[in-house]
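Data first, discussion second: the structure below is written as structure tokens.
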Amino acid sequence: MNSREQILKLLKQHQTNKTPLPKIDTTALLNVNLVEKFKFEFERVGGIFIKTAFNRIFDEISKIITTENLRKIYAENFDNEINAIIKNLQVDEIITQPHSYRQISIVDASITSCDFLIAETGTIVFIHRDEKFKSAVLLPRVHIIIAKEKQIVGTLEEVFSISGGNFDSIFLITGPSRTADIEKVIVQGVHGPQKVYLIIV
Amino acid sequence: MNYTPQKFSINAKRALENEKLRANLTRAIKHTLTKRTEVVSELSNWEELRQLAHDIKKHTIENLGYYLELFEKRAIENGINVLWAKDGNEAREFVIEIAKKAKAKLCVKSKSMVTEEIGLREFLEENGIETVETDLGEFIVQLANEMPSHITAPAMHKSRDEIGELFAEKLGVELTTEPEKLTAIARKILREKFLNADIGISGANFLVAETGSIVIVENEGNAGLTTTLPKIHIAIAGIEKVIPRLVDLTIFFKILGRSATAQRFTSYVSIINSPRKNKPDSPEEIYIILLDNGRTELLKSEKLKPALYCIKCGACMLACPVYQRVGGHTYGSIYPGPIGSVLTPTMFGFNEAKVLPFASSLCGRCYEICPVKIEIHHILLWLRHEAVQKNLTSKLEKIVFKLWTISMRNVKLYELGASLMRFVSKIGLQPKFKNWTKTRDFPQLAEKSFREIWRKELKNDFK
Ligand code: SF4
């Protein structure tokens with residue numbers, strides 16, 4: 001008997017089936033302004049929230065470029081309008097078609113989209129099914145996300161009920177990378193970004 | 001230093017005398033517990049959540065075979081290789097085989113208790129494969145060549161000064177004691193490792209049966225990188241990690257972050273379903289090793305089964321008055337504190353670790369804080385009973401308790417015994433139970449017994 005069979009045989013011998021699997025009531029966020037709630041939670045975990053009109057995106061990103069002193073940027077492929085805005089940003093280099101994650105590891109910031117925003121916890125959801133660089137949300141020091149207001153949902157349950165099990169992976173980001181491993185002092189930017197900007201249009 | 005459970009009392013004494021250690025512990029524990037209370041009390045349904053989590057775990061453990069097979073089926077459909085290991089040895093062999101086939105030279109590891117349990121890093125290093133802990137706390141204890149002292153805060157026993165000196169000595173960097181600078185140093189060194197690693201090794205906080213997902217919760221981003229950059233990802237998980245549904249995660253996320261690090265939600269969660277062939281930066285091969293290593297032993301006993309509900313948050317350790325004073329290393333096990341005192345003797349050898357269930361005040365704080373409502377203090381009491389049954393306590397202790405039992409059954413004998421004791425202690429002839437009095441004072445008997453007072457002074461008042 002191999003280990004698999006051994007383990008399973010033992011487990012089946014001790015199967016009792018006394019306790020039913022509890023039902024989980026879907027908790028919707030009722031009577032809550034989702035944008036306000038998201039903003040509150042996102043800022044509470046250290047995110048920087050920027051709500052703006054479409055024609056102001058360029059200015060907002062430019063402001064971030066100045067404050068953070070960004071020289072090299074990686075930008076995901078957006079729709080044509082946003083691509084055009086990104087192309088005009090004043091930086092030394094904009095990478096849009098990296099050949100490996102090594103290139104992304106040397107940029108100062110990445111600009112990406114996301115799939116959902118969860119109001120309950122201020123969480124940004126990335127669902128991977130396509131060619132996107134997964135590590136673009138983790139490698140650079142600064143991460144800028146451009147999202148639409150209608151991407152905000154109430155809870156993680158809602159995300160799961162929309163996505164089902166059909167994905168390669170899901171990545172949830174709630175604030176910047178952080179540690180408290182040295183004397184419980186919170187330090188941001190351990191392995192992932194130190195700053196997370198969300199531009200919501 | 002070589003710590004083993006047998007040496008608990010020696011270790012405890014040493015820890016209690018170490019003022020620096022106690023200061024480090026107190027600071028870290030106080031901080032986390034205060035924050036935890038804050039983020040727990042803002043949830044009006046905390047008790048409901050605990051019960052739900054408990055019931056989900058209970059149901060799953062009762063049907064563990066079913067859910068593991070379902071997980072396996074879904075994971076294979078998703079393109080993940082599923083391996084079953086009955087013990088650490090088999091698990092280590094699986095990993096080395098994969099590593100050799102891939103001609104791997106460098107492995108990056110994210111935090112995982114189960115890999116500590118089976119000594120995976122040491123094993124890989126012995127086999128010539130550089131293996132680097134990437135969680136900051138684990139990186140620190142790896143550098144110091146120590147064991148983690150807490151399951152979610154491995155370096156909590158160290159101060160910033162000690163860490164600064166360690167970095168200067170081992171990494172040849174300029175001495176600094178600022179957490180920001182120390183973190184930046186680690187980031188730089190570990191970034192290089194990430195970019196060059198052949199294999200990423202992780203644990204798993206949960207395995208979702210219905211979708212075949214591997215779920216990892218973390219704060220630093222190192223688990224995200226570990227499971228994204230290298231071409232091969234190996235996840236190792238105890239068989240008890242499986243949960244039935246994706247939606248169950250919503251309950252566990254709420255309680256885990258709050259209990260482990262006093263956070264409302266951890267910074268990062270990876271839910272991994274499948275490898276991605278020919279994609280820019282995802283593993284092309286994913287392996288999950290399902291590890292038994294003593295877990296089925298717990299399952300055989302109704303009393304011990306609940307210990308398998310543990311989600312390894314570490315809260316019971318922080319809440320434990322014994323752990324608070326002696327720290328994690330004292331227990332001589334990678335699973336310290338209350339739940340460690342259950343897991344260590346039952347999973348890794350009763351005889352060697354039989355003293356651990358006695359290293360508790362049985363106050364029940366561990367149960368009160370446990371997010372999955374494990375009655376740890378009851379299990380500890382039961383394990384003490386087992387230790388006695390198995391003849392693992394001293395002869396003298398047995399005789400004393402035997403006499404005690406006899407005298408408790410007979411009033412006359414009891415009174416005789418008590419007055420004898422009173423006489424002996426009055427003339428200063430305290431019994432010298434060395435092992436007992438080494439760590440506690442011998443209880444002083446009151447001058448008069450209650451029965452005496454009752455007979456002489458009180459009885460009439462109540463007439
Ligand atoms: S026993 Fe409970 S409190 Fe202790 S680590 Fe496990 S889940 Fe956390």
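Just so it is clear, the model here is predicted, and its values are computed rather than measured. Residue numbers begin at 1 in each chain, while the letters A, B, ... track the order of the sequences. Worth knowing before you read on, the calculation uses all heavy atoms, side chains too, and leaves out hydrogens, waters and symmetry mates.
- Minimum interatomic distance between F160(A) and L246(B) (heavy atoms only, all atoms of both residues): CE1-O, 3.4 Å.
- Contact tally against chain A (heavy-atom pairs below 4.5 Å) for V269(B), T211(B), L83(B): the top residue is V269(B).
- Of the atoms belonging to E302(B), it is side-chain heavy atoms, and not backbone ones, that fall under 4.5 Å from chain A.
- With rounding to the nearest 0.5 angstrom, the CG atom of L10(A) is 7.5 Å from the CG atom of D292(B).
- A donor-acceptor contact shorter than 3.5 Å is absent between the side chain of R264(B) and the backbone of T121(A).
- Contacts between I56(B) and chain A at a heavy-atom distance below 4.5 Å involve backbone atoms as well as side-chain atoms.
- Contacts between L299(B) and chain A at a heavy-atom distance below 4.5 Å involve backbone atoms as well as side-chain atoms.
- Here the closest heavy-atom approach between residue D181(A) and residue A153(B) is recorded as OD1-CA, 4.4 Å.
- There is no contact between A184(B) and chain A, counting heavy-atom distances below 4.5 Å.
- Across every non-hydrogen atom of P22(A) and D55(B), the tightest pair is CG-CB, 3.7 Å.
- The OG1 atom of T250(B) lies 8.5 Å from the CD atom of E120(A); values are rounded to the nearest 0.5 Å.
- S267(B) touches chain A through backbone and side chain together, each having a heavy atom under 4.5 Å away.
- For the atom pair CG (L156(A)) and CD1 (I271(B)), the distance works out to 6.5 Å, reported to the nearest 0.5 Å.
- Most heavy-atom pairs under 4.5 Å with chain A: of the set R160(B), E218(B), K305(B), this distinction falls to R160(B).
- Here E183(A) pairs with R27(B) in a salt bridge; the nearest charged N to carboxylate O distance falls below 4.0 Å.
- For Y67(B), the part lying near chain A is the side chain, with the backbone staying farther off; criterion is any non-hydrogen pair under 4.5 Å.
- For a residue to count as touching a neighbouring chain, one of its non-hydrogen atoms must lie under 4.5 Å from one of that chain's; by this rule T227(B) touches chain A with the backbone only.
- Under a cut-off of 6.0 angstrom, the local environment of NZ in K195(A) is sparse, with at most 12 non-hydrogen atoms contributed by other residues, nucleotides or ligands.
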query: Would E69(B) and R4(A) satisfy salt bridge (Lys or Arg N to Asp or Glu O under 4.0 Å), going step by step from the backbone distance to the final call?
result: CA-CA 10 Å; E69(B) 270 189 304; R4(A) 176 183 184 276; 3.7 Å; yes

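- With N219(B) contributing its side chain and R178(A) its backbone, the two residues share no donor-acceptor pair below 3.5 Å.
- With hydrogens and angles ignored, the 3.5 Å screen pairs a side-chain donor or acceptor of H191(A) with a backbone N or O of T134(B).
- When each of M156(B), K158(B), R245(B) is checked for heavy-atom pairs under 4.5 Å with chain A, R245(B) comes out on top.
- A donor-acceptor pair under 3.5 Å links the side-chain atoms of D281(B) to the main chain of S135(A), judged by distance alone.
- Summarising the geometry, atom CZ belonging to F194(B) is positioned 9.0 Å from atom CG belonging to L138(A); distances are rounded to the nearest 0.5 Å.
- For G224(B) against F171(A), the heavy-atom pair with the smallest separation is CA-CE1, 4.1 Å.
- Proximity of a side-chain donor or acceptor of Y268(B) to a complementary backbone N or O of S177(A) within less than 3.5 Å is detected.
- Contacts between Q263(B) and chain A at a heavy-atom distance below 4.5 Å involve the side chain alone, from C-beta outward.
- Across all their heavy atoms, F265(B) and T174(A) have their closest contact at CD2-OG1, 3.2 Å.
- When heavy atoms are compared at a cutoff of 4.5 Å, Q51(B) does not approach chain A at all.
- A side-chain hydrogen bond (donor to acceptor under 3.5 Å, both in side chains) with T19(A) holds for exactly one of K57(B), H59(B), E62(B); it is E62(B).
- Looking at E210(B), neither its backbone nor its side chain comes within 4.5 Å of chain A, counting heavy atoms on both sides.
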